[in-house]
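Each remark here refers to the structure printed beneath this line.
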Amino acid sequence: MKLKTDERIVNFIKRKIKGCKSIVAVLGIEMLVEGGGYDLDTNEENYRVEEEYGFSPEDMLSTSFFNAKVEKFYRFYKKEILGMQVHSTPAYEGLEMLQKQGKLSAVICQNFHGIPKNIHLKKVIDLNGNIYINQCPHCDKEFDIEYIINSKGIPQCDRCKMAIRPGIRLIGERVDAELMTQAAIACDKADVLLIMGKNMYHDKLEYSVAPEHEQLKVLFSKNEFERNSKVDFIIRDDISEFLPLIIN
């Protein structure tokens with residue numbers, strides 16, 4: 001297997017992972033794409049979505065759009081978000097391996113689709129919510145993803161007849177303060193931080209640690225123009241190819 005990453009860098013990261021006690025994985029868009037999803041933030045997807053719906057993905061995933069145009073929101077949401085067929089990859093299996101080794105202290109998921117059902121990770125922080133738990137804004141009754149998918153038109157609460165609120169964090173809403181605190185503490189304590197792709201919201205989870213705490217930060221990004229002074233290495237290879245190679 002021929003990697004883009006220099007072999008010396010691969011071996012260095014491998015040694016760091018072998019000797020560390022705590023690893024935090026931040027799952028971004030690269031993990032979603034490798035699992036069969038797609039990045040709605042690309043120019044190509046933006047153009048396609050605007051042609052079909054008349055609005056950009058960023059517009060339609062906002063609180064204001066949901067409140068003003070809920071029918072069009074759900075037409076987009078059901079097809080483009082819930083319609084993604086996301087599956088497990090060797091990268092998720094690699095995280096399971098790190099968990100078995102006692103090294104994986106937390107997984108911070110920034111994607112809506114969460115962790116594949118056949119992957120069992122214990123400490124998962126869904127920073128932007130997920131598509132599986134939805135709620136009535138009036139009576140707080142919860143509805144699963146099947147209820148949303150099978151509803152005709154706007155999914156409504158069977159008690160209140162109100163539009164159900166999707167379980168994701170919409171653009172314009174703040175991250176849950178408790179979840180952000182959990183994520184920040186986990187990142188701060190980690191010996192190795194694996195940042196697996198960008199966050200579609202562009203909210204910067206600060207990867208800052210105390211000066212006396214030595215921490216390796218590795219960013220996975222296919223963007224050849226990506227420059228980030230806050231990380232030690234930027235990896236252009238597929239996470240599913242790279243991660244299994246650096247886990248003993």
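All heavy atoms count here, side chains included; hydrogens, waters and symmetry mates do not.
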Pair listing, side chain to side chain donor-acceptor pair (under 3.5 Å) test, anchored in residues 136-149, at least two apart: Lys141-Asp158

Near-ring test Phe73/Phe65, centroid separation under 6.0 angstrom: no

side-chain contact (heavy atoms from CB on, under 4.5 Å) involving Ile247 - partner list, sequence neighbours excluded: Met97, Leu98, Gln101, Leu243

Partners passing side-chain contact (heavy atoms from CB on, under 4.5 Å) against Asp238 (at least two apart in sequence or in another chain): Glu34, Lys222, Glu241

Identified side-chain contact (heavy atoms from CB on, under 4.5 Å) partner of Ile131 from the options Ile148, Ile149, Ile168, Asn111: Ile168

For Lys123, salt bridge (charged side-chain N to carboxylate O under 4.0 Å, His left out) partners two or more places apart: none

Got a list of side-chain donor-acceptor pairs under 3.5 Å for residues 12-26, not counting sequence neighbours?
from	atom 1	to	atom 2	distance (Å)
Lys16	NZ	Glu214	OE2	2.7
Ser22	OG	Ser105	OG	2.9

Partners passing salt bridge (charged side-chain N to carboxylate O under 4.0 Å, His left out) against Arg8 (at least two apart in sequence or in another chain): Asp6

Which residues share a side chain to side chain donor-acceptor pair (under 3.5 Å) with Asn134, sequence neighbours left out: none

Partners passing salt bridge (charged side-chain N to carboxylate O under 4.0 Å, His left out) against Asp232 (at least two apart in sequence or in another chain): none

Donor-acceptor contacts under 3.5 Å from residues 81-89 side chains, at least two apart:
from	atom 1	to	atom 2	distance (Å)
Gln85	NE2	Gly83	O	3.3
His87	NE2	Gly35	O	3.2
Thr89	OG1	Ala91	N	3.2
Thr89	OG1	Ser240	OG	3.3

From Leu27, Ile115, Ile119, residue fulfilling side-chain contact (heavy atoms from CB on, under 4.5 Å) relative to Leu95: Leu27

Inter- and intrachain pairs under salt bridge (charged side-chain N to carboxylate O under 4.0 Å, His left out), touching residues 65-85, at least two apart: Arg48-Glu80, Glu52-Lys79

Residues which pass side chain to side chain donor-acceptor pair (under 3.5 Å) with Ser151, listed by chain and number, not counting sequence neighbours: none

Listed once per pair and sorted, the ring pair (Phe, Tyr, Trp, His ring centres under 6.0 Å) pairs that draw on residues 158-183, sequence neighbours left out: none

